[in-house]
Amino acid sequence: MKTGKFVGIIVGVVIVSAVLLNGCIGSTTAKCSHEDLKIDFTAIADKKPVFSIVIVGSGPAGLTSALYGARANIKTMVIEGDKPGGQLTETSFVENWPGSKPLLGREIIQGLREQAASFGATFLQDSVERVDCSRWPFEVYTEDGKKLYALSLIVATGASPRKLGISGEKEYWGEGVTACAICDAPFYKKQDVVVIGGGDSAVEEAIQLSFYAKNITILVRDDHMRAAASMQKRLQGYPNISVKYNVKPQRIIGDGEQVTGIELLDTITQEVSTMPTAGVFLAIGHDPNSGIFKDSVHMDEHGYIIVHDRSQATSVRGLFAAGDVNDNTYRQAGVAAGDGIKAALDAISFLNEVGFNADVAARLEKKDVMSDVEQNEEVLSINSLSELEDTIATSTVPVVVDFFADYCPSCLQMLPIIDSVAHHFASQATFVKVDTEEATDIVEKFFVHKVPCLLVFNDGKLVARYNATMGRKELGEFVKQFILLR
Ligand code: NDP
């Protein structure tokens, strides 16, 4: 054999091995196309745990992906994210979920989750911090410091409610400013409140509020509402709801503890006036939660991940997007669920193309088992006042008490987050959950008038009270400050 040919073969072997190992040798950009991939056990021997499908997000899109992945006997892991279940858990009754009577958003999520789990999908109560899509298997890094490998990845991270970005909004968040009427409407009994926005969500929020609040004014910045005509017509049935047009919120005003009013600019006369209100409910649309993928995959100018043709395939081979993170048009739970199914089917086709089969599935299963990804245990529930007082008095570390109620979707969203953060701080803080509907004496003793509510005790004394939902990262930072104080 001539030396040149030999060198050529060596170079060829090195390149092929590197491709098997990293997917895209020489790629300086993460936007690599990952052509020529093949599953190679030598290359992934040291990588643990490897999942055939990793789904980021646990709303309707993530959960239907999980159902289809798991039902195809493929090792499927769902990383639930900061707010497990996503936006649907904050919705009241959903009347247009195909084939069912009206269901609460969280009931839909619960059903989808149980169905996916029954076929073997696994769930990780954690959030993704970073993904390296330039390598394959993709490397997924979580906020709790875990690293997972994914042969295919489905991004189903949804979208988050937009904020106004005006003065007072942050200061009074959870103290009169909120984006969830279903969670907070009961706290505004017989009070005047405003809803900002002119879309379908604004109509929904106003209707939810109408059962509790005295007067609800929808503030619309244009001279018309964007909401569907049928939705606008629904408003006629609620005499305590009115609509004010051509007004732009300028500033949210409060007394230091609670919202007392909102400053509005009349866009026609340019006059600024203050409208007294006890609550400001935001319904001004959403932004896609695609930030962690911004250097990896092609997006449109608004940050929505671009998918190709009728598939859920993105610009990165093996990476798929489903639901609101790629849908700026429909934004419906049913559409997201359909996207999730398509994404899983696309992922399965991709896996087949790269050599996935029953033998590979069995070898992967043997290679690493689920215990490779440590799961969080549920935090202790206490519903007896004396037991809680004992815990607070005897603890040598900060005690974090989470008050929740079954009727409060944000509270239910917080529960797995509490489990995850409690696991993270294991010996550094004690976490306790209190069901406010069961433990009325605890509620009275500690003046818990709103849920979700977190109380923190240090050296037996109450040192902090927090009345809004927190994501995993935020809660972690919140708890850390009390640990550092000791
Ligand atoms: P939309 O984007 O449809 O509407 C947002 C509204 O907020 C618009 O009226 C917009 O005004 C206004 N807005 C945006 N920014 C500001 C600001 N800074 N200050 C004041 N107003 C602002 O969002 P929705 O959440 O209402 O709906 C999202 C999607 O979900 C839609 O497709 C909707 O149909 C769907 N949906 C369906 C429901 C149902 O069928 N039951 C219920 C809820 C939502 P402008 O028009 O001037 O841009």
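In each ligand, atom 1 is the first atom listed, and ligand 1 is the first ligand listed. Just so you know, these numbers use all the heavy atoms, side chains as well, and skip hydrogens, waters and symmetry mates.
Short contacts between ligand 1 and Asp222, defined as distances under 4.0 Å to a heavy atom of the residue, involve ligand atoms 45 (P), 46 (O), 47 (O). Close contacts between ligand 1 and Ser201 involve ligand atoms 24 (P), 25 (O), 26 (O), 27 (O), 43 (C), 44 (C) [criterion: under 4.0 Å to a heavy atom]. Of all atoms in ligand 1, numbered sequentially from 1 with element shown, those under 4.0 Å from a heavy atom of Leu164 are 17 (C), 18 (N), 19 (N). Atoms of ligand 1 lying under 4.0 Å from any heavy atom of Tyr330, numbered from 1 in the order shown and given with element: 32 (O).
Considering only non-hydrogen atoms, atom 1 (P) of ligand 1 lies nearest to Arg226 out of Met231, His286, Arg226, His224. Comparing Gly197, Gly199, Ala179, Gly285 by heavy-atom distance to atom 23 (O) of ligand 1, the nearest is Gly285. Here the shortest heavy-atom distance to atom 36 (N) of ligand 1, taken over Val203, Asn96, Asp200, belongs to Asp200.
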Can you give each donor-acceptor pair under 3.5 Å made by side-chain atoms of residues 251-258, sequence neighbours left out, with the distance rounded to 0.1 Å?
residue	atom	partner	partner atom	Å
Arg251	NE	Glu263	OE2	3.3
Arg251	NH2	Glu263	OE2	3.1
Asp255	OD1	Glu257	N	2.8
Asp255	OD1	Gln258	N	2.8

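No hydrogens or angles considered: nothing links the side chains of Lys214 and Gln191 as a donor-acceptor pair under 3.5 Å. Side-chain atoms of Asp126 and Thr142 form a donor-acceptor pair, as typed in the model, at a separation below 3.5 Å.
At least one heavy atom of Gln332 sits under 4.0 Å from some atom of ligand 1.
Under 4.0 Å is where a charged nitrogen must lie from a carboxylate oxygen, and between Asp82 and Lys473 no such pair does. Looking at Asp402 and Lys433, no side-chain N of the basic residue comes within less than 4.0 Å of a carboxylate O on the acidic one, giving no salt bridge.
Closest to atom 41 (N) of ligand 1 among all protein heavy atoms lies Glu204 OE2, 3.6 Å. Atom 7 (O) of ligand 1 has its closest protein heavy atom at Ile284 CA, 3.2 Å. Ranking protein heavy atoms by distance to atom 17 (C) of ligand 1, first place goes to Arg221 NH1, 3.5 Å. Of the protein's non-hydrogen atoms, Gly198 N, 3.6 Å is the one closest to atom 6 (C) of ligand 1. Here the heavy atom of the protein found nearest to atom 30 (O) of ligand 1 is Arg331 O, 3.8 Å.
In this structure, Lys147 forms no cation-pi arrangement with Tyr141, as its terminal cationic atom is not both closer than 6.0 Å to the ring centre and no more than 45° off the ring axis.
Within the structure, no pair that satisfies the salt bridge (Lys or Arg N to Asp or Glu O under 4.0 Å) test touches residues 215-229, not counting sequence neighbours.
If you look at Ala227 next to ligand 1, there are no close heavy atoms at all, none under 4.0 Å. Only side-chain heavy atoms of Ile196 come within less than 4.0 Å of ligand 1; its backbone N, CA, C and O stay farther off.
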**OP:** Just do the side chain to side chain donor-acceptor pair (under 3.5 Å) check on Glu143 and His424 with the steps written out, would you?
**Re:** CA-CA 10 Å; Glu143 281 181 3; His424 185 77; over 6 Å; no
Subject >> Residue pair Glu80, Arg113: steps toward the salt bridge (Lys or Arg N to Asp or Glu O under 4.0 Å) verdict >> reply: CA-CA 11 Å; Glu80 296 195 279; Arg113 195 183 189 282; 3.1 Å; yes
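Close N/O approach between Arg162 and ligand 1 is not found [any backbone or side-chain N/O within under 3.5 Å].
More than 12 heavy atoms of other shown residues, nucleotides or ligands fall within 6.0 angstrom of atom CZ in Phe404.
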